[in-house]
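Each remark here refers to the structure printed beneath this line.
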Amino acid sequence: MANEPIPAAPERKKRILSCIQPSGIPTLGNYLGALKNWKKLADEFDGAFAVADLHAITVRQDPATFRKQINQVLALLLAIGLDPEQSIVFIQSHVPAHAQLAWVLNCYTQFGEMSRMTQFKDKSAAHADNVNVGLFAYPVLMAADILLYQADLVPVGADQKQHLEIARDIANRFNTVYSPTFTVPEPYIGKQGARVMSLQNPAKKMSKSDPNPKSYVSVFDEPAVIAKKIKSAVTDCEGAVYYGDGKDGINNLMGIYSCCTGLSYDQIAHDFAGKGYGEFKAAVADAVVEELRPVKERFDRIINDKSYLEDVAARGAARASRIANRTLQKAMKKIGFVLPK
Ligand code: ATP
Ligand code: LTN
């Protein structure tokens with residue numbers, strides 16, 4: 001009898017990992033640049049998503065506010081539609097391997113390469129009274145987050161590209177000194193929404209830790225607040241809606257509108273030909289409100305269910321720890337550490 005053909009082994013799904021800091025209420029920039037993609041990718045890949053609370057203390061946090069924001073960001077991960085049965089959803093500090101591997105990787109990272117990080121330069125200028133060693137070593141902790149899970153892909157906004165390159169360099173270096181240990185990750189930067197700019201200064205990225213709340217739309221802003229912030233967004237004085245040089249404010253609003261509606265820039269310019277900025281801004285505000293409405297509705301239901309959130313965090317940490325500890329042990333063994341029995 002002829003042998004049955006052996007079925008091909010099922011291909012391992014690629015793993016993606018990403019994190020968001022609980023350093024404030026997430027903005028429309030975080031949503032369009034990162035969170036919205038996570039939900040799509042979670043269906044296709046093996047996903048792990050974390051609240052990066054350890055990263056957030058590189059800037060001083062008020063304890064009560066910090067605690068609240070950690071829970072809010074965890075609830076937001078569920079509100080965007082991540083399914084904690086399908087993806088690993090967890091809080092970074094609940095998995096001690098992150099801090100442990102970060103220490104190890106610090107010793108495989110050069111002072112010179114960290115000094116070149118633009119986010120470090122920007123943040124140390126913004127917090128000149130607290131340029132701490134954690135702020136400096138921030139990208140190494142981020143590399144640990146990624147490498148612990150052997151992530152193939154890391155979906156982030158464009159501002160994180162440089163940090164991804166360092167994570168790749170660290171992985172390659174370690175793999176060369178010893179033997180292949182870490183998967184070298186690729187960034188996944190969406191074509192749209194990768195860089196949402198400040199509404200008050202369209203040369204700067206929209207940031208949840210910006211001291212001026214008019215510069216960002218928070219994902220929890222009420223519709224009237226969203227409309228007001230978008231209405232007062234800085235634009236040029238030409239009064240024509242099209243994507244072009246010297247029109248950073250309008251370009252940014254077109255990017256936001258395009259992300260929320262799926263319309264191309266050409267279509268938007270066509271639809272608003274002969275119409276003023278007032279009308280365009282009102283349409284952008286409506287589109288943003290509609291985009292965020294279901295997220296906010298789900299969030300309001302989840303945030304009050306404390307025991308559900310605790311259960312999700314506990315289960316997420318247990319699943320994450322199994323993968324993370326395996327990688328940590330593998331790396332430490334190669335270095336020559338004596339592992340506990
Ligand atoms: P902070 O303002 O406190 O430094 P942040 O919002 O810049 O925080 P994170 O919370 O760590 O940083 O960002 C989470 C994700 O959101 C990252 O993938 C980041 O690239 C993305 N992101 C942040 N700001 C923007 C933006 N303006 N446009 C697009 N993506 C963004
Ligand atoms: N530094 C990132 C947040 C972050 C992250 C990560 C992103 C921390 N650890 C691991 C991707 C993978 C930021 O966006 N500021």
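Both counts, for ligands and for their atoms, begin at 1 and track the order of listing.
- Counting the atoms of ligand 2 from 1 in the order shown, those under 4.0 Å from a heavy atom of Leu17 are 10 (C), 12 (C).
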Inset, instruction - Could you walk me through whether Lys208 and Ser218 pass the side-chain hydrogen bond (donor to acceptor under 3.5 Å, both in side chains) test, one step at a time? - result: CA-CA 8 Å; Lys208 62 172 122 63; Ser218 135; over 6 Å; no
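- A donor and an acceptor atom, one from each side chain of Tyr265 and Asn251, are nowhere located under 3.5 Å apart.
- Residue Gly33 approaches ligand 1 through these ligand atoms, each under 4.0 Å from one of its heavy atoms: 29 (C), 30 (N).
- Within the listing of ligand 2, atoms 11 (C), 12 (C) sit less than 4.0 angstrom from a heavy atom of Val154.
- In terms of protein heavy-atom proximity, atom 15 (C) of ligand 1 is nearest to Ala34 CB, 3.7 Å.
- With respect to the salt-bridge test (charged N to carboxylate O, under 4.0 angstrom), the residues Arg168 and Glu165 do not qualify.
- Residue contacts with ligand 2, taken as heavy atom pairs separated by less than 4.0 Å, do not involve Gln92 at all.
- Heavy atoms from both the backbone and the side chain of Gln21 come within less than 4.0 Å of ligand 1.
- No N or O atom of Asp159 sits closer than 3.5 Å to an N or O atom of ligand 2.
- Polar contact with ligand 2: present for Asp145 (N/O pair, distance under 3.5 Å).
- The protein heavy-atom contact nearest to atom 2 (C) of ligand 2 is Gln160 OE1, 3.4 Å.
- Of the protein's non-hydrogen atoms, Ser207 OG, 2.5 Å is the one closest to atom 2 (O) of ligand 1.
- Under 4.0 angstrom from ligand 1, the non-hydrogen atoms of Ser209 come from both its backbone and its side chain.
- The pair Arg173-Glu113 meets the salt-bridge criterion, since a charged nitrogen lies less than 4.0 angstrom from a carboxylate oxygen.
- You'll find the side chain of Asp152 stays beyond 4.5 Å of the side chain of Glu186, heavy atoms only.
- Of all the heavy atoms of His55, none lies under 4.0 Å from any atom of ligand 1, so neither backbone nor side chain is involved.
- For Lys214, the NZ atom sits in a loose shell: 12 or fewer heavy atoms of surrounding residues, nucleotides or ligands are nearer than 6.0 Å.
- For ligand 2, the atoms sitting less than 4.0 Å from at least one non-hydrogen atom of Val156 are 7 (C), 11 (C), numbered in the order shown with element in parentheses.
- Closest to atom 15 (N) of ligand 2 among all protein heavy atoms lies Tyr138 OH, 2.9 Å.
- Under the 6.0 Å cut-off for aromatic ring centres, Phe49 and Phe90 do not qualify, their centroids lying 6.0 Å or more apart.
- Aromatic pair Tyr242/His270: ring centres not closer than 6.0 Å.
- Of all the atoms in ligand 2, the ones that sit under 4.0 Å from a non-hydrogen atom of His55 are 8 (C), 9 (N).
- Using a cut-off of 4.0 Å between Lys/Arg side-chain N and Asp/Glu carboxylate O, Arg315 and Asp311 are scored as not salt-bridged.
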Legend entry - Asp159 and Gln119: CA distance, side-chain angles, deciding distance, side-chain hydrogen bond (donor to acceptor under 3.5 Å, both in side chains) verdict: CA-CA 8 Å; Asp159 61 306; Gln119 184 178 295; over 6 Å; no
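- Of all protein heavy atoms, the one lying nearest to atom 3 (O) of ligand 1 is Ser23 OG, 2.7 Å.
- For Tyr138 and Phe120, the gap between ring centers reaches or exceeds 6.0 Å.
- In terms of protein heavy-atom proximity, atom 14 (C) of ligand 1 is nearest to Asn30 ND2, 3.6 Å.
- Taking distance alone, with nitrogen or oxygen atoms compared against 3.5 Å, Asp159 approaches ligand 1 more closely than that limit.
- Protein heavy atom closest to atom 5 (C) of ligand 2, with residue, atom name and distance, is Cys19 CB, 3.6 Å.
- Under a 4.0 Å N-O distance rule, the pair Asp221/Lys296 does not qualify as a salt bridge.
- Annotation: Tyr138 places no N or O atom under 3.5 Å from an N or O atom of ligand 1; distance criterion only.
- A donor atom on one side chain and an acceptor atom on the other are found under 3.5 Å apart for Gln267 and Asp271.
- Heavy-atom contacts of Ile146 reach the following atoms of ligand 2: 10 (C), 12 (C) (cutoff under 4.0 Å).
- Shown in contact with Met206 at under 4.0 Å from a heavy atom are these atoms of ligand 1, numbered in order with element: 24 (N), 26 (C), 27 (N).
- Heavy atoms of other residues, nucleotides or ligands lying less than 6.0 angstrom from NZ of Lys228 number 12 at most.
- One option in Lys208, Lys36, Lys123 has a heavy atom closer to atom 4 (O) of ligand 1 than any other, and that option is Lys123.
- Residue-environment remark: CD1 (Ile57) stays at or below the threshold of 12 foreign heavy atoms within 6.0 Å.
- Scanning Pro26, Ala194, Gly157 for the heavy atom closest to atom 29 (C) of ligand 1 points to Ala194.
- At least one N/O-N/O distance between Gly29 and ligand 1 falls below 3.5 Å.
- For atom 27 (N) of ligand 1, the nearest protein heavy atom (residue, atom name, distance) is Val196 O, 2.7 Å.
- Salt-bridge annotation for Lys13 and Glu44: absent, with no side-chain N of the basic residue lying under 4.0 Å from a carboxylate O of the acidic one.
- Remark: minimum distance from atom 24 (N) of ligand 1 to any protein heavy atom is reached at Lys205 NZ, 3.4 Å.
- The Gln21 neighbourhood of ligand 2 comprises atoms 15 (N), with distances under 4.0 Å to a heavy atom of that residue.
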